[in-house]
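Below you'll find the structure, written out as structure tokens, and then a few comments.
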Amino acid sequence: RNLSSENQIEIKVPAAIFELSAVELDILERVTKGEGYKEIGSALNLSPHTIKYHFNKVLNKLEIDTRGEAIHLAIQAGLIKGKRHTDQII
């Protein structure tokens, strides 16, 4: 069943998510799809170390600590295709 609007949890999305660079957004999208730094680096012709550096910039800009938090915020903001929390079926 779908959650009713009264049971939905609102997630505040930091404004900084809309200020990420094109490279940062690309990396965030690829991380969301489950790609690792090595795989992303290969696709973008960058070293895994450079990918990790850019991803850490994403975490810092969003003031979060984990990959999971970054993915969750990206989906909530509608930047990355995926099911929004409020659309999940329980």
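We use all heavy atoms of the structure for the numbers below, so side chains are in, but hydrogens, waters and symmetry mates are not. Nothing here was measured: the structure is a model prediction, and the numbers come from that model.
Expressed to the nearest 0.5 Å, how far CG of L62 lies from CD1 of I17 amounts to 5.0 Å. Atom CD of Q76 is separated from atom CD1 of I71 by 13.0 Å, given to the nearest 0.5 angstrom. Distance CD1/I64 to NE2/H72: 10.0 Å, rounded to 0.5 Å.
Judged as a salt bridge (charged side-chain N to carboxylate O under 4.0 Å, His left out), the pairs with a partner in residues 44-57 (not counting sequence neighbours) are, in order, E24-K57.
For the salt bridge (Lys or Arg N to Asp or Glu O under 4.0 Å) test, no residue two or more places apart in sequence or in another chain qualifies with K38. Not counting sequence neighbours, the partners of E69 by the side-chain hydrogen bond (donor to acceptor under 3.5 Å, both in side chains) test are T66. For D26, the side-chain hydrogen bond (donor to acceptor under 3.5 Å, both in side chains) criterion is met by R30, not counting sequence neighbours.
Closest non-hydrogen pair, I27 versus L44, comes out as CG1-CD1, 4.0 Å. For the residue pair A70 and L59, the shortest heavy atom distance occurs at CB-CD2, 3.9 Å. Residues V31 and I40 come closest through the heavy atom pair CG2-CD1, 3.7 Å.
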